2 protein chains.
Amino acid sequence: MQSRLRLPDRKSKVTVKEVAQRAGVGESTVSRIMRNKGPVAEETRKRVMEAVRATGYVPNRIAGSLASLDSHLVGVVIPSLSNIVFPEVLQGIHAALWGSENQPVISVTEYDIDREEAVVRGLLSWQPSAILIAGFEHTEATRRMLIQSDIRVVEMMDIDAVPIDIAVGMSHRRAGYATGRYLVGRGYRRFGYAGHDWNADRRARLRYEGLVDALRDAGLTIAAEAIAEAPSSVGVGKEMTARLCTHEPKLDVIVYSNDDMAVGGIFHCMGAGITLPDQLAIFGFNGLDIGRELPQPLSTIRSNRFLIGRTAVEKAFESAQRPPEPSVIDTGFEVFTGATA
Amino acid sequence: MQSRLRLPDRKSKVTVKEVAQRAGVGESTVSRIMRNKGPVAEETRKRVMEAVRATGYVPNRIAGSLASLDSHLVGVVIPSLSNIVFPEVLQGIHAALWGSENQPVISVTEYDIDREEAVVRGLLSWQPSAILIAGFEHTEATRRMLIQSDIRVVEMMDIDAVPIDIAVGMSHRRAGYATGRYLVGRGYRRFGYAGHDWNADRRARLRYEGLVDALRDAGLTIAAEAIAEAPSSVGVGKEMTARLCTHEPKLDVIVYSNDDMAVGGIFHCMGAGITLPDQLAIFGFNGLDIGRELPQPLSTIRSNRFLIGRTAVEKAFESAQRPPEPSVIDTGFEVFTGATA
DNA sequence: CTGTTAGCGCCTTCAA
DNA sequence: TTGAAGGCGCTAACAG
């Protein structure tokens, strides 16, 4: 009776050894078969697969990853799951990863870069093959870890900065500028801006700056703004709109930090009997489904979240080695002319 | 020169051994310190932490998990990320897991039980401490794997069946029944139903059945129904509503398979100049934010997705051992009286 | 309080 | 086409 008492209370796990014995082959043969790798006689394969089924063997990937020094894991870091755009990015990631050996491991930061640091440290300890992370705003420690890890790192959503390794996204500054140009072109002159918490959302601020630039180039300014300290939501959009509607002289257009906010604006107008776009025009950002289905479709800018996720994966796996220079992929955007502006 | 060429192309990884040598201590001391476990002299800790910082050491959890036979991983299986209710469940899971040693690993099935089987197999190979999975509809193989795994398994969302181990959710059948009772009580008599693909969404069907029961108990039936083959969305809700609006005699209320669909119904009515709830009443399911912010708040049933996620985690970690009998936790629901029914 | 010693379950190498 | 052997990096047990 040796130190055999170390087994966990779990039902004694089935291991390769057991399968190998049952099938009367060596362990490495079982291993090869489970991974469809290396030459195996059809005869042997059958015998082994039978043993696998009989025992209910499930390979232990923890042991496998350790032995092969390859986890086939992809770390994904996003700020939130409640903002629908991030689940959409995840869908792109899932789609691109589906069928490959790799599996995403998702972590959420709640827009907190200290939390992000903890989360990245946690992910790196799983030895992922790549990290896909939203945005450019990280703590110094996070940046260091990411750089030192020497795995591929994709910073998603945004391309208005120099990435650690790869950036995949769109220029929010240019989107803001395009918004301004479009609206000026449509004849709007008295601009309002309804926004949400910028500290957490650098990209919203970039769009705002782009907008201001476009207006300046047209000899205009933003006449009134209402910026909430809360994260964006339909409710907050309603509130900010109500506030801006008291402004004199009356605004003729309000630009929103995103579609959720803009939908709130539309709901406010519906309730207050303000007709769109004659009495007031409304412009959002993102191109969410909900905006398209409104009685009057929301005018907005379409970003391509799914494509960002998919492209991030593709670029991350293009090569295991980081090139000497960082690269930037622009997934673009387009102005969508709805009925509200 | 031996077989030292086996190092991966990665920058030579820092391991415990290296840290231990630099700090002039044994490996297990470093290990203890990294895990804040066991007694350690403050003096030693400092010296080791310095070496950790100097080397940029990140412990390898793959190796750690293998050695300790504990992955601290929780597998989460959900059908989709585009339906906002699942991200909400995830938030509850994240919240409950935050601060614990455990980390969720999320997989998405796209409402496909064969895909679910593959996904569950993949998750189990990571030796998770528990599996949290949405719904009761699994392949036989999935059920077998889950049962044999001998870890805690929580089936979420639904409680209208006998779970493998634990169920956390609400009775969709009773919610459907409550909907019927409520609407009959409000005086509605000519019922329409607008639904989405049932094959993928068993819970929607349960609600429908509950509704039919309630109507039968009141001597009523559903006069007209429009059921799409597509997944639920605002757009599909609009379409189905348009279809039902041609029905003669006119319906006085439409029950929707969920809030997304119902919001589509509201948008249709807005566009068609149908006043709510006089000409037509509308009732949803879920209690999403968007419904509350509409000019006229949507009448609906509030389910508690966040609570489901949180409770699932709590129950899963109550004990590592499965009790002989499965257990069921009801997170409840409530009728929300908005302005549309 | 700390170091030594065996593995954890699998994969890779290498020889057969 | 197959098997044996030696780690992968860390932790648990135990002795000091």
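The chains referred to below are lettered A, B, ... by the order of the sequence lines, with proteins before strands, and numbering in each begins at 1. The figures that follow rest on heavy atoms only: side chains count, while hydrogens, waters and symmetry mates do not. Note that this is a predicted model, so its numbers are computed, not measured.
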Is a donor from one side chain sitting under 3.5 angstrom from an acceptor on the other, for B:Glu110 and A:His94?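 There is no such pair (donor and acceptor under 3.5 Å, judged by atom type) between the side chains of B:Glu110 and A:His94.
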Could you tell me if B:Ser71 and B:Gln127 have a donor-acceptor pair between their side chains, going purely by distance under 3.5 Å?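 The answer is no; no qualifying pair exists.
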In whole angstroms, how far is the [atom2] atom of [N] from the [atom1] atom of [X]?
| X | N | atom1 | atom2 | result |
| --- | --- | --- | --- | --- |
| A:Lys13 | C:dC10 | NZ | P | 11 Å |
| B:Glu27 | C:dT4 | CD | P | 9 Å |
| B:Glu101 | D:dT11 | CD | C1' | 14 Å |
| A:Gln127 | C:dC10 | CD | P | 19 Å |
| A:Glu42 | D:dT2 | CD | P | 10 Å |
| B:Met34 | D:dC10 | CE | P | 9 Å |
| B:Asn60 | D:dG7 | CG | P | 18 Å |
| B:Glu18 | D:dG9 | CD | P | 11 Å |

Check B:Ile93, B:Val77, B:Ile133 against B:Met156 for a side chain to side chain contact (heavy atoms under 4.5 Å, CB included) and give me the one that passes.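 Single side chain to side chain contact (heavy atoms under 4.5 Å, CB included) partner of B:Met156 among B:Ile93, B:Val77, B:Ile133: B:Ile93.
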Return the nearest nucleotide to the side chain of [X]; candidates are [options].
| X | options | answer |
| --- | --- | --- |
| B:Thr29 | D:dG3, D:dG9, C:dT2 | C:dT2 |
| B:Ala63 | C:dC10, C:dG9, D:dC10 | D:dC10 |
| B:Ser31 | C:dC10, D:dT11, D:dC10 | D:dT11 |
| A:Pro39 | D:dG3, D:dT1, D:dA13 | D:dT1 |
| A:Leu69 | C:dG3, D:dG9, D:dT11 | D:dG9 |
| B:Arg35 | D:dG3, C:dC10, D:dT11 | D:dT11 |
| B:Ser68 | D:dC8, D:dA12, D:dG9 | D:dA12 |
| A:Thr44 | D:dC8, D:dT1, C:dG9 | D:dT1 |

Both B:Leu66 and A:Lys37 contact DNA chain C. Which one's nearest nucleotide lies toward the 5' end?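 Closest to the 5' end, via its nearest nucleotide, is B:Leu66.
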Are the side chain of B:Ser65 and the backbone of B:Ile62 linked by a donor-acceptor contact shorter than 3.5 Å?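 Checking the backbone N and O of B:Ile62 against the side chain of B:Ser65, no donor-acceptor pair under 3.5 Å is found.
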Using a strict threshold of under 4.0 Å (side-chain N to carboxylate O), is an ion pair present between B:Glu318 and B:Lys315?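 Between B:Glu318 and B:Lys315 there is a salt bridge, with a charged N closer than 4.0 Å to a carboxylate O.
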Ionic contact status for A:Glu42 with A:Lys46, cut-off 4.0 Å: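 Salt bridge absent between A:Lys46 and A:Glu42.
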Between B:Gly64 and B:Arg32, which is nearer to the 5' end of DNA chain D once each is assigned its nearest nucleotide?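 Residue closer to the 5' terminus by nearest nucleotide: B:Gly64.
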N/O donor-acceptor pair, side chain B:Arg61 with base D:dG9, under 3.5 angstrom: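 There is none.
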A:Ser28 (side chain) and D:dA4 (base): donor-acceptor pair under 3.5 Å: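 Answer is yes: a donor-acceptor pair is held.
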OP1, OP2 of C:dC10 versus side-chain N and O of A:Tyr57: anything below 4.0 Å?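 Answer is yes, contact under 4.0 Å.
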